[in-house]
**Q** 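Please find one structure pasted underneath; my questions will follow.
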Amino acid sequence: MEQTFALIKPRAFHENLTGPILNLFNTAGFKIGAIKSWWLSDREARQLYGIHQGKPFYEDLLTYMISGPIVVMVLEKDHAVADLRKLVGNTDPQKAEAGTVRKLFGLNARQNAVHASDSPENAEKESALFFAQMEKYEPRGISFGKVHRKEES
Ligand code: ADP
């Protein structure tokens, strides 16, 4: 089971697209390992997107990403990183394949509904920005209605 990191961007969250986007993730076989909403500060947005510093779209991207709350999550599945990138689609929704999240819910190259990590290393780094180790768990071994303990890992 691999973990990846995903983020629902401000416009998609504001337009109440969180439910439909999570539904696509679930239908594609992803399990939610951790989730919460967050409002990025300027400093946090620079940490998340620092790799793009100097690119022509960088400052506008930061302004957009701090414009309202987002939803951040850890998703789990075999081949989670590659499979989520495929499901999310091209950066530019106009170039994204039919059925992808960005084709369905993206507006333009900046306001493209979601972010998904592009490698297992970045997934680890990005999820560590938002989630403490104790906030993440694998949804395994839970039997509802019975007393149970979380497995130690
Ligand atoms: P992706 O999110 O598909 O991995 P990048 O890592 O290249 O794409 O870019 C990060 C984010 O920066 C994009 O999701 C998008 O919000 C923004 N971005 C990228 N390219 C452009 C562009 N040409 N114009 C405006 N915003 C852009």
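These values consider heavy atoms only, across backbone and side chains, with no hydrogens, waters or symmetry-generated copies. We count ligands from 1, going down the list as the structure has it; atoms in each ligand are counted the same way.
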**Q** Quick check for you: to the nearest 0.5 Å, what is the distance between N26 atom CG and K77 atom NZ?
**A**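 Answer rounded to 0.5 Å: 12.5 Å.
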
**Q** Where's the contact between L61 and ligand 1, heavy-atom distance under 4.0 Å: side chain, backbone, both or neither?
**A**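 It is the side chain that touches ligand 1; the backbone stays farther off.
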
**Q** Given salt bridge (charged side-chain N to carboxylate O under 4.0 Å, His left out), test K36 with E135 step by step and report yes or no.
**A** CA-CA 10 Å; K36 65 185 171 194; E135 290 179 281; 3.3 Å; yes

**Q** Within the structure, does K9 bring an N/O atom to less than 3.5 angstrom of an N/O atom in ligand 1?
**A**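 Yes - when backbone and side-chain N and O of K9 are compared with those of ligand 1, one distance drops under 3.5 Å.
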
**Q** Tell me which protein heavy atom sits closest to atom 25 (C) of ligand 1, plus the residue, atom name and distance to 0.1 Å.
**A**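 Of the protein heavy atoms, F57 CB, 3.6 Å lies nearest.
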
**Q** For ligand 1, is any non-hydrogen atom under 4.0 Å from M65's backbone (N, CA, C, O), its side chain (CB onward), both, or neither?
**A**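 For M65, no heavy atom sits under 4.0 Å from ligand 1.
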
**Q** Answer yes or no for K9 and Y64: cation-pi contact, defined as NZ/CZ to six-membered ring centre under 6.0 Å and angle to ring axis within 45°.
**A**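 No, K9 does not lie over the aromatic ring of Y64.
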
**Q** Mark up the atoms of ligand 1 that fall under 4.0 Å of a heavy atom belonging to T91, in ascending order.
**A**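 Every atom of ligand 1 under 4.0 Å from some heavy atom of T91: 1 (P), 3 (O), 8 (O), 13 (C), 19 (C).
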
**Q** CE/M73 to OG1/T4 distance, rounded to the nearest 0.5 angstrom?
**A**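 Reported to 0.5 Å precision, the distance equals 10.5 Å.
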
**Q** Can you sort out which atoms of ligand 1 are near R102, meaning under 4.0 Å from one of its heavy atoms?
**A**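 Heavy-atom distances to R102 below 4.0 Å select 1 (P), 2 (O), 3 (O), 14 (O).
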
**Q** CZ of R11 to CG of N108: how many Å apart, nearest 0.5 Å?
**A**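 If I round to the nearest 0.5 Å, the distance is 7.5 Å.
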
**Q** For ligand 1, indicate whether the residue N112 contacts it via side chain, backbone, both or neither (heavy-atom separation under 4.0 Å).
**A**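 The answer is the side chain.
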
**Q** For atom 6 (O) of ligand 1, what's the nearest protein heavy-atom neighbour? Residue, atom name and distance, please.
**A**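 Atom 6 (O) of ligand 1 sits closest to the protein heavy atom H52 NE2, 3.1 Å.
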
**Q** Nearest 0.5 Å, what's the CZ-CH2 distance between F131 and W38?
**A**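 If I round to the nearest 0.5 Å, the distance is 9.5 Å.
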
**Q** Using distance alone, decide if ligand 1 has a nitrogen or oxygen within less than 3.5 Å of any nitrogen or oxygen in Y49.
**A**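 There is no such contact.
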
**Q** Atom CE in M65, atom CG in D60: separation rounded to 0.5 Å?
**A**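 Separation between the atoms: 13.5 Å.
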
**Q** So, regarding H115 and ligand 1 (criterion: nitrogen or oxygen to nitrogen or oxygen, under 3.5 Å), is there a contact or not?
**A**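 Checking ligand 1 against H115, no N or O pair falls under 3.5 Å apart.
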
**Q** Report, in ascending order of atom number, the atoms of ligand 1 lying under 4.0 Å from any heavy atom of R85.
**A**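 In order of number, 1 (P), 4 (O).
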
